[in-house]
Protein chains: 2
Amino acid sequence: MANRSEARQQERVKGRGGRGGGSVVAAIREAITRGDFAPEQRLVESDLSDRFDTSRSAVRSALLQLTEEGLVEREQNRGARVRSVSLEEAVEICEVRMMLEGLCSAKAAERATPDEVAELRAIGDRMRQLVADGNVLGYSEANQLLHRRIRELSEQATAEEVLERLRAQSVRHQFQLALQPGRPSVSLPEHLAIIDAIAEHDPLAAETAMRTHLGSVIGALREASQTMGGLRF
Amino acid sequence: MANRSEARQQERVKGRGGRGGGSVVAAIREAITRGDFAPEQRLVESDLSDRFDTSRSAVRSALLQLTEEGLVEREQNRGARVRSVSLEEAVEICEVRMMLEGLCSAKAAERATPDEVAELRAIGDRMRQLVADGNVLGYSEANQLLHRRIRELSEQATAEEVLERLRAQSVRHQFQLALQPGRPSVSLPEHLAIIDAIAEHDPLAAETAMRTHLGSVIGALREASQTMGGLRF
DNA sequence: GACAACGAAATTGGCGACAATATTGCTGGC
DNA sequence: GCCAGCAATATTGTCGCCAATTTCGTTGTC
């Protein structure tokens, strides 16, 4: 659409020009989750191959894969768009997270070594500090880190994979939530409860604490959408 | 490998020859889950395009998608094979099912209409009869049907999608289990308990019953693998 | 007789071209 | 002035070809 003239920065994939087999997927995925592409935005194959300095077939196969991952939607002969996930879908995702992160939390409670417990405790302390300082973005990052570490500690590859996929799908909702005023002070004690349960190697308490936390996230999602007017993301 | 001469039956995809965009994926997926291809078997692109009477690029893109679904594994420049899932992986899958089908079971208990409850009860009755008759294959089918209907009743699209994917990955383990002598008489009461809980619209009991059931499945998987010698599927 | 080096065959990876389809803009009639 | 039909354009879908890579078989040497 004539914007090929406005010399757009080309994001070279992996350094070498035009190559990078599987990493084209990673590049486009990151661009979507980072918000470079808006929800519902059309993803034209030739534009993308241009932007990422790769071939159209590479982009094509990447879009196929991202469709499978739930980040992109395609219609026959009508191309691909960034998937926009509705509030209802975000709630569904959170319900699944509730179950699966509950499992991971329980497993982490079983397996965590003293060092790993110390690591979680350190994250908890940092969270406390960040909330006290009113550092919303920092807290959001620590939040992601905590959830990720607990997933990893579970050593449940199947659950980890599913959760990673779902996380990518709901980054926007997740981020919106983090910016909600007063939200950190609600979630902080929930996070600390999870850490405590894992530290005490109490799988049942760890699962319950995680479920409580994500239940509260679901509630917050619903509330936030009311104030925001039910926008899709 | 010179077996192109033995006139192998060509399974036309979708009737018309050589077409059928997305349904090539379905055809190969079915062939894998039906056991036409053994685990670890190589999937040569030209062979498949021959067998399903389609183009190599269609097969190629199908294999890409099936890799994403966890049914196929690929190595750079070395082609695709049918993924073989180990006992440990099967247990992981079952743990995830435990959580997610637990969720679906609870939601089904909330939502099920009288008609739907009657339908589940009918399945339960049929199961009882099939066990009494010693009809193992029939029971296995009814088993799958029950789990599927509960998933559908939950109207949790996200969980349904994940579960469907995982089911395809573990069909072999699932089938092996169904053939285990004495297994039906163990699982029958568990299934009936799930149905009862849903019929009584008791989400908590429904979730618990489902978790108990799949916990028992995990135990059975482990036992079966001992007698079978820890074979991969 | 075993093994390394080499060459041939099989297979995958990727690009370019072309056909099929959808979208957009234009023209003429009412 | 609005709408139907048609032409032009943009975009996707698919195929065939060739290069890159791996695998398999052969030959020659020790």
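What you see is a predicted model; the values in this text were computed from it and never measured. In what follows, chains carry the letters A, B, and so on, assigned in the order in which the sequence lines appear, proteins first and then strands, with residues in each chain numbered from 1.
For B:S57, a side-chain nitrogen or oxygen approaches OP1 or OP2 of D:dC15 to under 4.0 Å. For B:R78, a side-chain nitrogen or oxygen approaches OP1 or OP2 of D:dT23 to under 4.0 Å. For the pair B:R74 and C:dT12, the criterion of a side-chain N or O lying under 4.0 Å from OP1 or OP2 is not met.
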Review point. Given the rule in the salt bridge (charged side-chain N to carboxylate O under 4.0 Å, His left out) test, do A:R151 and A:E164 qualify, once you have shown the distances and angles that lead to the verdict?
Key: CA-CA 9 Å; A:R151 275 180 345 219; A:E164 179 53 33; 3.2 Å; yes
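If you measure from atom CD of A:E45 to atom P of C:dT21, you get 16 Å, rounded to the nearest angstrom. In this entry the distance linking CG of B:L48 with C1' of C:dA10 reads 15 Å, nearest Å. One interatomic measurement links the two molecules: CZ of B:R81 to C1' of C:dT12, which rounds to 14 Å at whole-angstrom precision. The distance between atom CD of B:E75 and atom C1' of D:dT21, rounded to the nearest whole Å, is 13 Å. Between the C1' atom of D:dT22 and the CZ atom of B:R42 lies a distance of 9 Å, rounded to the nearest Å. The interatomic distance linking A:D50 (CG) with D:dA10 (P) rounds to 15 Å, in whole Å.
Heavy atoms of B:L43 sit under 4.0 angstrom from primed sugar atoms or phosphate atoms, though from no base atom.
The side chain of B:Q76 has C:dG13 as its nearest neighbour among D:dT12, C:dG13, D:dT23. Distances from the side chain of B:V44 to the nucleotides C:dT11, D:dC15, D:dT22 place C:dT11 closest. Of the candidate nucleotides C:dG13, D:dT14, C:dT11, C:dG13 has the atom nearest to the side chain of B:R60.
Taking the six-membered ring for Trp and thresholds of 30 and 60 degrees, B:Y139 and B:H191 have ring planes inclined between 30 and 60 degrees apart.
Atom CG in A:L71 sits 9.5 Å away from atom CZ in A:R165 (nearest 0.5 Å).
No side-chain donor-acceptor contact under 3.5 Å links B:R167 and B:Q174.
Not one N or O on the side chain of B:E68 forms a donor-acceptor pair closer than 3.5 Å with the backbone of A:E68.
Of the two residues contacting DNA chain C, namely A:N77 and A:R56, the nearest-nucleotide position lying further toward the 5' end is that of A:R56.
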